[in-house]
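These notes are about the structure you will find just below.
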Amino acid sequence: MASALRDLENDTVQVLREVRGRFTNPALLWSMGKDSTTLLWLVRKAFFGDVPFPVIHIDTSYKFRQMYEFRDRWSREWGLDLRVHRNEKALAAGMGPTAATKLECCTALKTNALQEALEAGGHDAVLLGIRGDEHGVRAKERVFSPRDRSFGWDYRNQPAEFWDLRQAAVDEGGHMRVHPMLSWREIDIWEYVQQEGIPVPDLYFANGGNRYRSIGCECCCSPVRSDAGTVTDVVIEVRRSREGERAGRAQDKEDAAAMEKLRALGYM
């Protein structure tokens, strides 16, 4: 293993074990994307094949069919305590990508659904596979990032993190967001997937001259031109790319400040 990847792996495993020791009821969010699947893989390495946390999938009901198939297959093979949560009230009221703005849809079907899931499970911490290089707003994050009772994120007033000393205290009724892969880059993820043989959805690989670089709801993701049909091909392509990873995400195009607004409200 390259030394840089080994360092990233070791740092992430350290955070995962710290979470296990410092929180009473953590959970892990799994979107089936490459980042959260890599985080899930690292949890299994950190705990010798076990996943000692419930795994939550926030299901908007608009994901790609291949993502649901991937979820069902690997949750069985890895023996996950999978908990799928949807904002059924919002869906029953007709919320969806054509019924509102992307910001309103994401707030209802992702942010509010996540809040419901964490409250239902009584979780005091939640692990996410976000990376700082994916978006400028996520680069403002900390590894341990407290949320208040209303799910708010005060990005102007975050606890300092020096020499891996992290603040684990949260306000009553709040919870801790933990980002063990914050310092990973897109290329690091793909090189690690290549090295470890981590399964990822086929959407990431070229089909008819296109592939998805970032996946989520089918209605909000556009493919990029690509002939990268294998993990090795993707690694080469990402090394050369000068285009942002989220260039195909509709919510970013609709409103340039959408991510900042969503994260201030409690989005992932």
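Residue numbers start at 1 and run along the sequence shown. Source: prediction; values computed, not measured.
- At least one donor-acceptor pair closer than 3.5 Å links the side chain of S36 to the backbone N or O of S31.
- Side-chain contact annotation: D35 with T38, donor-acceptor N/O pair under 3.5 Å absent.
- At most 12 heavy atoms of other shown residues, nucleotides or ligands fall within 6.0 angstrom of atom CZ in R240.
- Both V15 and L28 belong to a common hydrophobic cluster when Ile, Leu, Val, Met, Phe, Trp and Tyr are linked at side-chain heavy-atom distances under 4.5 angstrom.
- By the 30° and 60° cut-offs, the orientation of the rings of W30 relative to F70 is tilted.
- Summarising the geometry, atom CG belonging to L42 is positioned 5.5 Å from atom CE belonging to M181; distances are rounded to the nearest 0.5 Å.
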Check the pair L127, L29 against side chain to side chain contact (heavy atoms under 4.5 Å, CB included), reporting the backbone distance first and the verdict last.
CA-CA 6 Å; L127 292 151; L29 291 188; over 6 Å; no
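- Interatomic distance, E237 CD to R213 CZ, rounded to the nearest 0.5 Å: 7.0 Å.
- A donor and an acceptor atom, one from each side chain of S145 and R147, are located under 3.5 Å apart.
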Give the C-alpha distance, both sets of side-chain angles, the deciding distance and a yes or no for side chain to side chain contact (heavy atoms under 4.5 Å, CB included) between V51 and D81.
CA-CA 8 Å; V51 178; D81 178 8; over 6 Å; no
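- Counting heavy atoms from C-beta on, the side chains of L203 and R211 never come closer than 4.5 Å.
- Residue I189 is grouped with residue I187 when hydrophobic side chains (ILVMFWY) are merged at heavy-atom distances under 4.5 angstrom, including chains of intermediate members.
- Here the side chain of E104 pairs a donor or acceptor atom with the backbone of T101 at under 3.5 angstrom.
- Evaluation of the side chain to side chain donor-acceptor pair (under 3.5 Å) test over residues 40-56, restricted to residues two or more places apart or in two chains, returns E9-K45, W41-E196, K45-E196.
- Between the side chain of D233 and the backbone N or O of G229 there is at least one donor-acceptor pair closer than 3.5 Å.
- The heavy-atom pair separating H85 from A113 by the smallest distance is CD2-O, 3.2 Å.
- I198 and V43 end up in the same hydrophobic cluster when Ile, Leu, Val, Met, Phe, Trp and Tyr side chains are linked at under 4.5 Å.
- Within the 4.5 Å cutoff, the side chain of W74 has no heavy atoms near those of the T37 side chain.
- Taking OH of Y68 as the start and CE of M32 as the end, the distance is 7.0 Å to the nearest 0.5 Å.
- One distance of note links CD1 of I236 with CD of Q194; it measures 8.5 Å at 0.5 Å rounding.
- Side-chain heavy atoms closer than 4.5 Å link hydrophobic residues (I, L, V, M, F, W, Y) into clusters, and following such links, possibly through other members, connects V238 to W184.
- Side-chain atoms of S214 do not come within 3.5 Å of backbone N or O of E245 as any donor-acceptor pair.
- Shown here are the side-chain contact (heavy atoms from CB on, under 4.5 Å) partners of R65, two or more places apart in sequence or in another chain: E69.
- Side-chain contact of H175 with R177: a donor-acceptor pair under 3.5 Å is present, judged by distance alone.
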Are C106 and T111 close enough, and set up right, to give a side chain to side chain contact (heavy atoms under 4.5 Å, CB included), and what steps lead you there?
CA-CA 7 Å; C106 286; T111 304; 5.8 Å; no
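- One distance of note links CZ of R225 with CG of D227; it measures 7.0 Å at 0.5 Å rounding.
- By the side-chain contact (heavy atoms from CB on, under 4.5 Å) test, N25 pairs with H123, D124, sequence neighbours left out.
- For the pair Y192/T12, no side-chain contact is recorded, criterion being any heavy-atom separation below 4.5 Å from C-beta on.
- Residues L8 and R6 form no side-chain contact, since every pair of their non-hydrogen atoms from C-beta on lies 4.5 Å or further apart.
- The minimum heavy-atom distance linking N112 with A108 is given by the pair CB-O, 3.4 Å.
- Using a 4.5 Å cut-off on side-chain heavy atoms (C-beta onward), L39 and L16 make contact.
- No donor-acceptor distance shorter than 3.5 angstrom exists from the side chain of R22 to the backbone of E18, with no hydrogens or angles considered.
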Begin from the C-alpha positions of F205 and Y212 and carry the test ring pair (Phe, Tyr, Trp, His ring centres under 6.0 Å) through to its verdict.
CA-CA 7 Å; F205 306 114; Y212 289 90; over 10 Å; no
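- Put simply, the side chain of R83 never gets that close to the backbone of A117: no donor and acceptor are under 3.5 Å apart.
- Side-chain atoms of L103 and T107, non-hydrogen and from C-beta on, do get closer than 4.5 Å to each other.
- Relative ring orientation between F47 and F53 is described as perpendicular, the plane-to-plane angle rising above 60° on a 0-90° scale split at 30° and 60°.
- Looking at heavy atoms from C-beta onward, V126 lies out of side-chain contact with P26 at the 4.5 angstrom threshold.
- Nearest heavy-atom pair across L118 and I56 is CD2-CD1, 4.1 Å.
- Rounding to the nearest 0.5 Å gives a distance of 11.0 Å between CD1 of I58 and CD of Q115.
- The minimum heavy-atom distance linking M95 with L91 is given by the pair O-CD2, 3.9 Å.
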Under the side chain to side chain donor-acceptor pair (under 3.5 Å) criterion, do S241 and R239 qualify, and how do the steps go?
CA-CA 6 Å; S241 177; R239 283 176 182 160; over 6 Å; no
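- A donor-acceptor contact shorter than 3.5 Å links the side chain of Y204 to the backbone of K34.
- Put simply, L40 and V84 are part of the same group of oily side chains (I, L, V, M, F, W, Y) that touch within less than 4.5 Å, one to the next.
- With H57 contributing its side chain and L82 its backbone, the two residues share no donor-acceptor pair below 3.5 Å.
- Using a 4.5 Å heavy-atom threshold, the side chains of F64 and C219 count as separate.
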Checking R131 against S183 for the side chain to side chain contact (heavy atoms under 4.5 Å, CB included) test, could you report, in this order, the C-alpha distance in whole Å, the side-chain angles of both residues, the deciding distance, and whether it holds?
CA-CA 6 Å; R131 307 185 331 269; S183 60; over 6 Å; no
